[in-house]
Participant: 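The structure is given below, and queries will be raised subsequently.
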Amino acid sequence: MVIDEGLRRVLQGARRVVALTGAGISAESGVPTFREAQDGVWDQVDPEEVATPEAFRRNPRRVWAWYAHRRQLAQQVAPNAAHRALAEWGRSLDWLQVVTQNVDGLHQRAGSGHVVELHGNIHRDRVFDGQLAADVDDLELPRFPETGAVLRPDVVWFGEQLPEGAIEQALAAVRSADLMLSVGTSAMVQPAASLPLEALERDIPVVEINAEPTPLTPVASWHLPGSAGELLPPLVRSAASG
Ligand code: BJW
């Protein structure tokens, strides 16, 4: 990877870093991404069928079957070199805040201490706050033992608000950073996609690492094309060598 002189200076001078991450950072761990042609999750399954509160209302067993499968996969995989590089950089900086759209928990398992999960965590359940469709046979659904309330995965579906305080915490981190990374995200899902734009508006440099161009690419301060697992370790080494 070629790190130009300007980028090297920014990396070596950075003390407070925010890293926004998406599905691409976990791809090399074996977790499928969402929007890639052919093997993206949304190529196989319609998000309207599994990732909205209406889908759960209509057919909670289908949604649960899909999440049980993904939960099991997330348990079997391990953090990769990109997760580890961010965790290592966090130990040598004053502060590194990971803001992830991923629900797999791999940043924490790699050792990152400051992680905001914008879209929840697939390993947790919470009570479903709504009415199931009248004709749903809900006898076999997971339930909260104390009250019998129906449970759902603790993730954020389309049309739902993010966990309380999550976007505020992410925005505060962006505003107090001196460098932002955007790693392995298509930069298409709001409100996460607006975070790097907030940084740029404040003249905070944004380095994008992605296998493909995204809507962020034309405005990012640097776009490093390639895989996160290959690019992040040398980038962190370069930052530490100043
Ligand atoms: C590599 C690589 C390698 C591959 N190395 N790179 C305008 C404004 C505001 C909102 C909206 C709006 N228009 C529409 C909306 C609504 C919607 C939205 O943004 N839709 C867009 C699709 C247009 N947003 C919402 O509904 C959000 N909520 C909301 O806005 O609430 C408002 C509200 C207010 C008041 C009341 C009620 C509501 C919620 C969004 C929730 C997203 N949920 C999901 C599922 C999570 C649970 C689960 O996992 O099952 O989150 S969808 C899915 O997309 C998942 C991801 O976190 C998210 C982002 O995907 P990501 O991470 O970017 O992955 P990909 O696959 O898209 O991209 C991977 C990238 O990696 C690619 O670019 C590759 O090239 C790259 N890559 N391998 C480096 N090795």
Participant: Please give me the minimum heavy-atom distance between L73 and G30, naming the atom from each residue.
Facilitator: CD2-O, 3.9 Å
Participant: With the threshold set at 4.0 Å, does a side-chain nitrogen-carboxylate oxygen contact exist between D125 and R71?
Facilitator: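 Yes, this pair counts.
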Participant: So do the side chains of N121 and D154 get within less than 4.5 Å of each other, counting heavy atoms only?
Facilitator: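 No, every pair of side-chain atoms sits at 4.5 Å or beyond.
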Participant: Measure the CZ-CD distance between F158 and E54 for me, rounded to the nearest 0.5 Å.
Facilitator: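 If we round to the nearest 0.5 Å, F158:CZ and E54:CD are 12.0 Å apart.
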Participant: Verify, without hydrogens or angle tests, whether R202 (side chain) and R175 (backbone) share a donor-acceptor contact under 3.5 angstrom.
Facilitator: no
Participant: From R57 CZ over to R152 CZ, what is the distance, rounded to the nearest 0.5 angstrom?
Facilitator: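 Answer for the CZ-CZ pair, R57 versus R152, is 14.0 Å.
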Participant: List the residues meeting side chain to side chain donor-acceptor pair (under 3.5 Å) with R62, not counting sequence neighbours, and say none if there are none.
Facilitator: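 Applying side chain to side chain donor-acceptor pair (under 3.5 Å) to R62 gives E49.
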Participant: Between G6 and W222, what is the shortest heavy-atom contact and its length?
Facilitator: C-CZ2, 3.6 Å
Participant: About how many Å separate CG of L11 and OG of S238, when rounded to the nearest 0.5 Å?
Facilitator: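 The distance works out to 5.5 Å.
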Participant: Measuring only between side-chain heavy atoms, which start at C-beta, is P47 closer than 4.5 Å to F34?
Facilitator: no
Participant: Counting only heavy atoms not in Q76 (residues, nucleotides, ligands), do more than 12 fall under 6.0 Å from its CD?
Facilitator: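 Buried by this count: over 12 neighbours within 6.0 Å.
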Participant: A side-chain contact here means heavy atoms from C-beta on lying under 4.5 Å apart; do W64 and V50 qualify?
Facilitator: no
Participant: Mind checking what makes side chain to side chain contact (heavy atoms under 4.5 Å, CB included) contact with S26, not counting sequence neighbours?
Facilitator: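 With sequence neighbours excluded, S26 shows a side chain to side chain contact (heavy atoms under 4.5 Å, CB included) to V31, H83, N102, D104, L106, given in chain and number order.
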Participant: So how far is it from L20 CG to E198 CD, rounded to the nearest 0.5 Å?
Facilitator: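 It comes to 13.0 Å.
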Participant: Does E140, at its CD atom, have more than 12 non-hydrogen atoms belonging to other residues, nucleotides or ligands within less than 6.0 Å?
Facilitator: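 Atom CD in E140 is not packed in, count stays at 12 or less.
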Participant: Would you check if the side chain of R61 reaches a backbone N or O of L141 as a donor-acceptor pair within less than 3.5 Å?
Facilitator: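 Side chain of R61 to backbone of L141: no pair is present.
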Participant: For I209 versus G226, what's the shortest heavy-atom pair and its separation?
Facilitator: CG2-O, 4.3 Å
Participant: Determine, stepwise, if the pair D43 / R35 fulfils salt bridge (charged side-chain N to carboxylate O under 4.0 Å, His left out).
Facilitator: CA-CA 7 Å; D43 229 40; R35 287 174 190 76; over 6 Å; no
Participant: When you measure from the side chain of E160 to the backbone N and O of W157, does any donor-acceptor pair fall under 3.5 Å?
Facilitator: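 Yes, E160 side chain to W157 backbone: donor-acceptor pair under 3.5 Å.
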Participant: Could you tell me whether the side chain of S112 and the main chain of V115 form a donor-acceptor pair under 3.5 Å?
Facilitator: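 Between the backbone of V115 and the side chain of S112 there is no qualifying donor-acceptor contact (under 3.5 Å).
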Participant: Quick check: does any side chain N or O of T214 sit under 3.5 Å from a backbone N or O of L216, one acting as donor and the other as acceptor?
Facilitator: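 Indeed, once roles are kept as given, a pair shorter than 3.5 Å links the two residues.
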Participant: Between the main-chain N or O of L139 and the side-chain N or O of D137, is there a donor-acceptor pair closer than 3.5 Å?
Facilitator: yes
Participant: Indicate the atoms forming the closest heavy-atom contact of P233 with A228, along with that distance.
Facilitator: CD-O, 3.8 Å
Participant: As a quick check of understanding, evaluate side chain to side chain contact (heavy atoms under 4.5 Å, CB included) for V174 and V99, giving each step before the final call.
Facilitator: CA-CA 9 Å; V174 168; V99 176; 5.8 Å; no
Participant: Taking the side chain as every heavy atom from C-beta outward, state whether F56 and V136 have any pair of such atoms under 4.5 Å apart.
Facilitator: no
Participant: Do NZ/NE/NH1/NH2 and the carboxylate oxygens of E88 and R91 come within less than 4.0 Å?
Facilitator: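 No.
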Participant: What's the shortest heavy-atom distance between S241 and Q12, and which atoms?
Facilitator: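 Looking at all heavy atoms of both residues, the shortest contact is OG-NE2, 3.2 Å.
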Participant: What do the steps show when you test M180 against V207 for side chain to side chain contact (heavy atoms under 4.5 Å, CB included), and what is the final call?
Facilitator: CA-CA 6 Å; M180 179 164 191; V207 179; over 6 Å; no
Participant: Between L179 and V206, is there a side-chain heavy-atom distance shorter than 4.5 Å?
Facilitator: no
Participant: Would you find more than 12 non-hydrogen atoms of other residues, nucleotides or ligands less than 6.0 Å from Q44 atom CD?
Facilitator: yes
Participant: Look up atom CZ in R237 and atom CG in L232, then write down how far apart they are to the nearest 0.5 Å.
Facilitator: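 Taking CZ in R237 and CG in L232, the distance rounds to 11.0 Å.
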Participant: Donor-acceptor pair, Q97 side chain versus H114 backbone, under 3.5 Å?
Facilitator: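 Confirmed, Q97 side chain pairs with H114 backbone.
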Participant: Identify the two heavy atoms, one from N80 and one from S29, that lie closest to each other, and give their separation to 0.1 Å.
Facilitator: ND2-OG, 3.0 Å
Participant: Could I get the full list of salt bridge (charged side-chain N to carboxylate O under 4.0 Å, His left out) partners for R16, not counting sequence neighbours?
Facilitator: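 With sequence neighbours excluded, R16 shows a salt bridge (charged side-chain N to carboxylate O under 4.0 Å, His left out) to no residue whatsoever.
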Participant: For the backbone of E117 and the side chain of T100, can you confirm whether one donor and one acceptor N or O come within less than 3.5 Å of each other?
Facilitator: no
Participant: Could you measure the distance from the CD1 atom of I122 to the CZ atom of R70? Nearest 0.5 Å is fine.
Facilitator: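 Going from the CD1 atom of I122 to the CZ atom of R70 covers 4.0 Å.
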Participant: Scan side-chain atoms only and decide if T21 and Q101 contain a donor-acceptor pair under the 3.5 Å cut-off.
Facilitator: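 T21 vs Q101: no donor-acceptor pair found between side chains.
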Participant: Please check: side-chain N/O of D178 versus main-chain N/O of R15, any donor-acceptor pairing under 3.5 Å?
Facilitator: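 Confirmed, D178 side chain pairs with R15 backbone.
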Participant: Look only at the side chain of D4 and the backbone of L7, and say whether a donor-acceptor pair between them is shorter than 3.5 Å.
Facilitator: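 Such a contact is found between D4 side chain and L7 backbone.
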